[in-house]
Amino acid sequence: MARQIRKMVVSVFILLFLELIQIHCKIPTTLDGPFEPVTVSLDENFRGNAVDLPDSDPRVQRDVTGFEPEQISVSLSSTHDSVWISWITGDFQIGEDIKPLNPKSVASVVYYGKLRFPMHRIATGESEVYSQLYPFKGLNNYTSGIIHHVRLTGLDPDSQYYYKCGDPTIQAMSRIQHFRTMPVSGSHSYPGRVAVVGDLGLTYNSTSTIDHITRNNPDLILMVGDLCYANLYLTNGTGSDCYSCSFPNTPIHETYQPRWDYWGRFMKPLISRIPIMMVQGNHEIEEQIHGQTFTSFTSRFAFPHKESGSSSPFYYSFNAGGIHFVVLGGYTAYGRTDDQYKWLQNDLANVNRDVTPWLVATWHPPWYTTYTAHYREVECMRVSMEELLYQYGVDIVFNGHVHAYERSNRVYNYTLDPCGPVHLSVGDGGNREKMATIHADERGNCPEPSTTPDDFMGGFCAHNFTSGPAAGKFCWDRQPEYSAYREASFGHGILEVKNETHALWSWHRNQDMYNEAGDQIYIVRQPERCPVQPQVIELWGTEHLNSASFFDSIN
């Protein structure tokens, strides 16, 4: 009883503190919306510098010898008491005559504990080697080093653990690393900061993004797809901003796999101590012999799909304190008769909102974007899944893919809706393809509908709108009312859940100082207004465009 009283006191204190912040700092909340659409023009002075780190950069070079571990990373399991440790031993090979390493030749061992010395606990796992092979002469094949995945179990919540990984029998162990577990799931228990980044790449802009993320001291990183952009290169390492423009006659879309190793080495100082959760992106498709795709992506990282009842690493779920994250695959079957949809139904039906009040969904290609880049590209996915996510009260959706930042008003089926999720596109991590700058609602920019469907998944569902401001059209003739804020600039986002109803979202531009936010809002849940069971609710009309009319509409 005393513990419950303390939690109630803390919750009241936080609410009072948030009110003071809102009064003095004027941070808006979603209760003040829906907001008039805002567009911030591109800062031309910051457009360039999307230049790759060269393979001679010390940050991407191999800094171990023999079978010592490199590219170490931590990822979460489905609950706080378990994490995955992944790493690579042995160097990759690339060329016409390659011989894969034997994954059984090096053990997968992790020593761990709450003390640096001694580490009493030990866990073992599995290892594998993957290859990227092409059925044509003149293309270089690739085979990876030995990739290890070890699951640590029986961990205490919100606790720091030390670990070292490798094979002790051949004296090939890493230095001592550390990570912190997530807090136990509960309505008053949340990670301090969740960093959200997408479409990162490995450019000098990417390094600025990671520097900003590091200084923001996150407890968890959500990587919403498109990691290293290895598929912008021929197998000889020659790169291009536009692969299809520079290499139109290649017999198969090649990919320079060492970019994955460069990316893993660059990211290791951060993701060997801060858990990172991966979402599949289109640049991870990487076609090869026998029609294989996504081989590098699924081999290099650990996914809690089995722990969350999924048969695929492309869709899974996990808890981070009182947040339930649902990761979906935009490039795997998502129809209502497909396994992903059935898994999603089951996962959402088993979410206990008393334990995890916040429900966050993420996948790579956005449903709500106003840029010509990828405009309405995955409309078939939206048509299939949006109603289900709405019925179960998803609070926030994170996407990447479009190389710009955009925040929506609460929206459902292209209509302002006080119970719809806030969609946040953060595909502005800094990759070499540069930023998206052209809006579909600007005169002459509306794309031809037949050109919009995603090439990999296929299918056409994006027809002209039948109602609302864009009725009879494929695009709006002004910034859509569901789009609250959009800006083309490199950056990342930070989500800070304060309690069961308030979460602070901050988007940070790379060109700003480390403690500044380019866009900031409190996302407020209203579980009493928006129950998770389907019901008929009054939608926002175009007349509700200020905070006063908004409050009138819900009271």
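We count residues from 1, following the sequence as given.
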- Go through the structure and list residues passing ring-ring contact (aromatic ring centres under 6.0 Å, His included) with Tyr162, not counting sequence neighbours. none

Can you list the residues that meet the side-chain hydrogen bond (donor to acceptor under 3.5 Å, both in side chains) rule with [X], with sequence neighbours excluded?
X      : result
Thr214 : none
Glu284 : none
Asp81  : Thr79
His364 : Asp226, Asn282, His401

- For Glu496, salt bridge (Lys or Arg N to Asp or Glu O under 4.0 Å) partners two or more places apart: Arg193, Lys498

- Message: Is any side-chain heavy atom of Leu227 closer than 4.5 Å to one of His283?
- Response: no

Contacts of [X] that satisfy side-chain contact (heavy atoms from CB on, under 4.5 Å) - sequence neighbours left out:
X      : answer
Asp156 : Lys114, Ser159, Tyr161
Arg215 : Asp211, Tyr514
Ser312 : Ser310, Phe314, Tyr315

- Please say which of His149, Gln71, Arg300 ends up in a side-chain hydrogen bond (donor to acceptor under 3.5 Å, both in side chains) with Ser86. His149

- Which side-chain hydrogen bond (donor to acceptor under 3.5 Å, both in side chains) pairs, counting each pair once, include a residue from residues 353-363, with sequence neighbours left out? Arg353-Asp395

- Full working for side chain to side chain donor-acceptor pair (under 3.5 Å) between Thr209 and Asn510: CA-CA 6 Å; Thr209 301; Asn510 283 2; 2.8 Å; yes

- Task: Using ring pair (Phe, Tyr, Trp, His ring centres under 6.0 Å) as the criterion, point out the one residue from Phe398, Tyr414, Tyr412 that pairs with Tyr368.
- Result: Tyr414

- Task: Scan for disulfide bond (SG atoms under 2.5 Å apart) pairs involving residues 351-393, sequence neighbours excluded, and state none if there are none.
- Result: Cys380-Cys461

Pairing of [X] and [Y] as salt bridge, 4.0 angstrom limit:
X      : Y      : answer
Arg486 : Asp441 : yes
Arg336 : Glu387 : yes
Asp219 : Arg180 : no

- Output every pair passing salt bridge (Lys or Arg N to Asp or Glu O under 4.0 Å) with a member in residues 360-379, not counting sequence neighbours, ordered by first then second residue. Arg376-Glu379, Glu379-Arg382

- Query: Counting only N and O atoms by type, is there a donor-acceptor contact under 3.5 Å from the side chain of Asp417 to the main-chain atoms of Cys419?
  - Reply: yes

